[in-house]
Amino acid sequence: MNEKKFLTLWNKYGQEHLIAHYKKLSKADKNIFLGSMEGLDFDLVFKLYSLFCQSESARLLEKIEPARIITLPSSPEEIYLRNKALALGKSMMRNNKIAVLIAAGGQGSRLRFDGPKGTFPVTTVKRKSLFQLFSETIRALSIWYHTTIPLLIMTSEDNHNDTIAYFNINDYFGLDRKSIYFFKQSMLPSITPGGKLVLKDKTHLFVNPDGHGGVFKALLHSGLLKDLQDQGISDIFYCQIDNPLVKIADPLFIGYHKMYQAEISTKVVRRKNAEEKVGIYLSLDGKDTVVEYSDSFAKKIMSVLDKDGNLLYWAGNIAIHMLNISFIEWLNAQGLNLPYHRAIKNIQTVDERGNPVTTTGWKFETFIFDAIPLANKTCCMEAVREEEFSPIKNKDGENSQEIVRRDMNNFYRKWLQEAGFMVPQDINIEISPLFAIDKDELKEKLKGKSLSFEKDIYLGENFTV
Ligand code: UTP
């Protein structure tokens with residue numbers, strides 16, 4: 001972006017404070033400032049700004065009903081279908097049809113942790129980071145299926161270099177460097193409620209990643225979509241870096257997705273209560289849709305009960321999806337019609353003198369689940385919360401590291417219990433995916449063995465009994 005274009009743009013959008021700031025910079029800093037704005041879509045941000053300044057228009061709805069969801073199987077037919085899906089999913093894995101994508105481009109602002117969220121030391125005994133845990137799972141799955149699973153990690157400008165450096169110094173956690181792809185999502189400038197862009201530092205605007213919905217564009221623009229197609233990959237298992245309980249590349253989920261020929265599939269859990277802050281999976285005008293908890297429309301349906309007194313719209317979105325590659329291509333070809341959402345957050349900026357200030361900012365983002373109603377074929381599957389979902393979001397309280405570790409301990413405790421071992425409540429337990437990828441493998445490995453539980457227990461790659 002050249003200087004003239006930049007000054008015209010600021011004039012057009014009433015950003016005189018930036019013009020004044022720019023004029024005070026040295027020539028070298030001016031160049032850095034201009035360079036840092038390359039590729040940012042200012043027209044979009046100001047269009048969204050005026051859109052969100054208008055009062056929210058009421059949604060015109062014809063029909064709201066619970067979506068069709070594959071619940072936990074109980075009847076013989078459901079169990080038969082489940083086994084069929086499982087076999088199908090496993091064959092997809094063995095035949096190199098699936099890549100794993102981890103969305104790790106977020107700013108992790110609520111956790112207040114210095115560094116990419118993926119480097120957060122999460123595990124119960126060894127304090128392995130989320131990236132290490134996920135990478136070891138991919139390694140274990142690759143061994144299990146005798147294949148190399150492509151691992152795609154979506155980063156953003158804020159954490160891309162740090163993420164790559166982290167993998168580098170850790171020797172990619174034993175994964176083949178050539179099978180890991182780091183790709184960046186786009187950024188958008190944040191804006192104040194008064195319509196002003198803000199500075200992050202002397203030579204940069206404050207920008208935010210464009211939401212996990214940015215994954216579709218980023219896959220295309222990075223060239224990865226084509227790469228995956230060339231490798232014969234048909235579908236992507238998508239998850240987010242903040243959920244250490246995610247069952248990566250779950251063959252059952254992959255199998256159902258394939259069986260229903262879905263373009264996008266979603267895992268859901270039963271919502272804890274009417275207030276829980278998760279998106280609600282339902283059917284709107286005949287289309288599967290996720291309504292975000294913060295959406296004003298959600299308030300109308302969050303606490304609706306069925307005739308037995310249970311939540312009618314019980315399905316909570318846990319941000320685990322299967323994405324068909326041709327669908328991602330089609331979405332891009334259609335111009336990615338995902339709606340933008342506005343998040344109101346505290347952001348760290350600087351004033352004209354360069355002193356740090358916290359201010360309220362509007363961040364515009366798209367969400368991955370808004371692609372669901374755009375698909376012709378979807379699939380949704382119920383998962384057990386305790387086995388698959390405990391995201392780390394906050395420094396304290398709900399969804400904090402303490403809660404996540406408690407859930408991880410309970411998760412491993414249950415595996416051991418099913419293998420015949422009763423572990424006292426005050427003992428921390430960690431089972432590396434390289435020791436056992438699931439509870440069946442654990443049972444098999446521990447058959448006829450004894451374990452002592454006097455102190456915290458870690459079953460790692462080289463653990464012998
Ligand atoms: P959240 O919306 O919870 O954001 O993202 P966050 O970055 O973890 O934390 P806060 O809101 O700033 O506190 C859920 C997941 O989606 C990813 C995040 O990295 C996280 O794994 N994400 C989010 C992206 O990859 N890109 C985005 O633009 C936003």
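Read the numbers this way: they start at 1 and go in the same order the structure lists the ligands and their atoms.
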Colleague: Relative to the heavy atoms of A103, which atoms of ligand 1 are at a distance of less than 4.0 Å?
Modeller: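 What qualifies from ligand 1 is 17 (C), 19 (O), 21 (O), 25 (O).
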Colleague: Does a donor on one side chain and an acceptor on the other come within less than 3.5 Å for D43 and Y13?
Modeller: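 Their side chains do contain a donor-acceptor pair, which is all the 3.5 Å distance test asks for.
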Colleague: Among protein heavy atoms, which lies nearest atom 22 (N) of ligand 1, and at what distance?
Modeller: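 Checked against all protein heavy atoms, atom 22 (N) of ligand 1 sits closest to G106 N, 3.5 Å.
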Colleague: Do K128 and Y458 get their side chains close enough for a donor-acceptor pair, meaning under 3.5 Å?
Modeller: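 The answer is yes; a qualifying pair exists.
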Colleague: Are a donor atom and an acceptor atom from the side chains of Q107 and D158 found within less than 3.5 Å of each other?
Modeller: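 Yes.
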Colleague: Just go through R112, K117, K395 and tell me whose heavy atom is the nearest to atom 8 (O) of ligand 1.
Modeller: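 Among R112, K117, K395, the closest heavy atom to atom 8 (O) of ligand 1 comes from K117.
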Colleague: Which residue holds the protein heavy atom closest to atom 12 (O) of ligand 1, what is that atom called, and what is the gap in Å?
Modeller: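 Going by distance alone, atom 12 (O) of ligand 1 is nearest to S109 OG, 2.6 Å.
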Colleague: If we count only N and O atoms by modelled type, under 3.5 Å, do the side chains of N409 and R406 hold a donor and an acceptor together?
Modeller: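 There is no such pair between these side chains.
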Colleague: Give the atoms of ligand 1, by number and element, whose distance to some non-hydrogen atom of A104 is under 4.0 Å.
Modeller: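 Near A104, the atoms of ligand 1 are 19 (O), 25 (O).
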Colleague: For a quick check under 3.5 Å, do Y181 and S222 share a side-chain donor-acceptor pair by atom type?
Modeller: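 Checked: Y181/S222 side chains show no N/O donor-acceptor pair below 3.5 Å.
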Colleague: What residue and atom, counting heavy atoms only, is the protein's closest point to atom 25 (O) of ligand 1, and at what distance?
Modeller: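 That would be G105 N, 2.8 Å.
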Colleague: Is the F6 ring parallel, tilted or perpendicular to the F33 ring (thresholds 30°, 60°)?
Modeller: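 Correct class here is perpendicular.
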Colleague: Out of the candidates L228, I233, I254, I236, only one should pair with I98 under the side chain to side chain contact (heavy atoms under 4.5 Å, CB included) rule; please name it.
Modeller: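 With I98 as partner, L228, I233, I254, I236 yield a single side chain to side chain contact (heavy atoms under 4.5 Å, CB included), made by I254.
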Colleague: Give the residue, atom name and distance (to 0.1 Å) of the protein heavy atom nearest atom 20 (C) of ligand 1.
Modeller: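 Looking at atom 20 (C) of ligand 1, the protein heavy atom closest to it is D242 OD2, 3.7 Å.
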Colleague: Kindly identify the option in K345, Q107, R110 whose heavy atom sits closest to atom 2 (O) of ligand 1.
Modeller: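 Residue with the shortest heavy-atom distance to the ligand atom: R110.
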Colleague: Atoms of ligand 1 less than 4.0 Å from M154 heavy atoms?
Modeller: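 In order of numbering, the contacting atoms are 25 (O).
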Colleague: Tell me which protein heavy atom sits closest to atom 15 (C) of ligand 1, plus the residue, atom name and distance to 0.1 Å.
Modeller: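 Of every protein heavy atom, Q240 OE1, 3.3 Å lies nearest to atom 15 (C) of ligand 1.
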Colleague: In the protein, what heavy atom is nearest to atom 6 (P) of ligand 1, and what distance, to one decimal place, separates them?
Modeller: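 Protein heavy atom with the smallest distance to atom 6 (P) of ligand 1: G108 N, 3.6 Å.
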Colleague: Can you tell me if G211 has a non-hydrogen atom under 4.0 Å from ligand 1?
Modeller: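 For ligand 1, residue contact (heavy atoms, under 4.0 Å) with G211 is present.
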Colleague: Heavy atoms only: which of Q185, E365, H212 is nearest to atom 26 (N) of ligand 1?
Modeller: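 Ranked by closest heavy atom to atom 26 (N) of ligand 1, first place is Q185.
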Colleague: Under a 4.0 angstrom heavy-atom cut-off, which atoms of ligand 1 come close to K393?
Modeller: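 Once the distances to K393 are compared, the set is 1 (P), 3 (O), 14 (C).
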Colleague: How about Q185 and S156: does a side-chain donor come under 3.5 Å of a side-chain acceptor?
Modeller: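 The criterion, which ignores hydrogens and geometry beyond distance, is not satisfied for S156 and Q185.
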